[in-house]
Amino acid sequence: MFKKILLANDGSEASLHAARLAIQLSRIHGAALSAVFVVDPYPFIGIGQANPAGFDAYMAAARQSAIQAHLRVLDLARSMNHAGDINELTVEDASATEGIVKTAQDLGADLIVMGSHGRSGVVRLLMGSVAQKVSTQSPVPVLLCK
């Protein structure tokens, strides 16, 4: 049924739980599996003068987080005896929602698997829910895992 699965990976426990399901689905369907980590846009762009050193430090830390998140997924896949390759992608020029949806479109994915942190109340109102936004903007099915 599924030929190309995209795992949205932010390195969290929720995302690792989603990775378990994505790996299982990949194995069951013989589907290609890709994992995308989206670097949040630099938080200080547009607020006064952006400090180039601050930006470089931010991006270095974000890229390191992406590497660590991908390594966690690869280690999990090995522990689950996943035989296929996992295409690791890092997107740096979009919001999390835009990066996930665009990557799914670019890859021709027919399923997005992602964790949900389950935020509610004021936190969800202020921060929004990436999972909710992806599920409403995605042209393909989205499997949300808690």
Side-chain angles (χ1 to χ4, degrees), residues 1-46 50 54-146:
M1 180 173 176
F2 299 115
K3 302 229 183 278
K4 295 181 181 179
I5 298 172
L6 178 64
L7 167 67
N9 179 18
D10 67 1
S12 67
E13 288 304 314
S15 139
L16 199 58
H17 177 64
R20 283 184 191 91
L21 293 174
I23 292 165
Q24 290 172 344
L25 286 169
S26 173
R27 185 174 28 215
I28 290 168
H29 295 278
L33 180 58
S34 297
V36 64
F37 183 100
V38 180
V39 174
D40 288 328
Y42 186 58
F44 305 109
I45 295 291
F55 177 76
D56 290 343
Y58 174 83
M59 290 306 293
R63 288 178 182 128
Q64 188 59 39
S65 293
I67 290 167
Q68 292 304 315
H70 286 313
L71 286 174
R72 287 184 77 190
V73 171
L74 293 174
D75 287 345
L76 178 62
R78 273 191 287 278
S79 74
M80 294 175 65
N81 298 316
H82 179 66
D85 290 333
I86 298 176
N87 183 23
E88 304 163 45
L89 306 162
T90 302
V91 174
E92 296 181 357
D93 58 349
S95 70
T97 301
E98 293 166 350
I100 294 165
V101 172
K102 183 170 182 336
T103 300
Q105 291 170 328
D106 291 349
L107 294 174
D110 44 19
L111 177 68
I112 298 172
V113 180
M114 63 186 299
S116 174
H117 297 284
R119 294 183 181 108
S120 61
V122 174
V123 174
R124 183 174 181 169
L125 183 64
L126 293 174
M127 295 179 60
S129 166
V130 172
Q132 179 185 17
K133 290 175 188 174
V134 169
S135 67
T136 58
Q137 294 179 23
S138 174
V140 299
V142 178
L143 175 61
L144 299 178
C145 310
K146 278 191 171 185

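Nothing here was measured: the structure is a model prediction, and the numbers come from that model.
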Any side-chain heavy atom of [X] within less than 4.5 Å of one from [Y]?
X: Arg20; Y: Met80; value: yes
X: Val134; Y: Val101; value: yes
X: Glu98; Y: Asp93; value: no

Can you see which heavy atom on [X] is nearest to which on [Y], and at what distance?
X: His70; Y: Asn9; result: N-ND2, 3.7 Å
X: Ala18; Y: Gly115; result: CB-N, 3.5 Å
X: Ser116; Y: Ala14; result: O-CB, 3.8 Å
X: Phe37; Y: Ala66; result: CD2-CB, 3.4 Å
X: Ser135; Y: Val142; result: CA-CG2, 3.9 Å
X: Cys145; Y: Val113; result: SG-CG1, 4.0 Å

Pick from Val140, Leu144, Leu7: which one makes a side-chain contact (heavy atoms from CB on, under 4.5 Å) with Ile112?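 Of Val140, Leu144, Leu7, side-chain contact (heavy atoms from CB on, under 4.5 Å) with Ile112 is met by Val140 alone.
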Could you list the residues that satisfy ring pair (Phe, Tyr, Trp, His ring centres under 6.0 Å) with His17, not counting sequence neighbours?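 Counting only residues at least two positions away or on another chain, His17 forms no ring pair (Phe, Tyr, Trp, His ring centres under 6.0 Å).
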Please check: side-chain N/O of Thr103 versus main-chain N/O of Ile100, any donor-acceptor pairing under 3.5 Å?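 Checked: no pair found.
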Among residues two or more places apart or on two chains, list those pairs meeting salt bridge (Lys or Arg N to Asp or Glu O under 4.0 Å) that have a residue in residues 57-84.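 For residues 57-84, and leaving out neighbouring residues, the salt bridge (Lys or Arg N to Asp or Glu O under 4.0 Å) pairs sorted by first residue read Glu13-Arg72, Arg63-Glu92, Asp75-Arg78.
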I need the Ile5 CD1 to Leu33 CG distance, nearest 0.5 Å.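 Reported to 0.5 Å precision, the distance equals 6.0 Å.
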Under the side chain to side chain donor-acceptor pair (under 3.5 Å) test, residues paired with Lys102 that sit two or more places apart: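 For Lys102 the side chain to side chain donor-acceptor pair (under 3.5 Å) partners, ignoring immediate neighbours, are Asp106.
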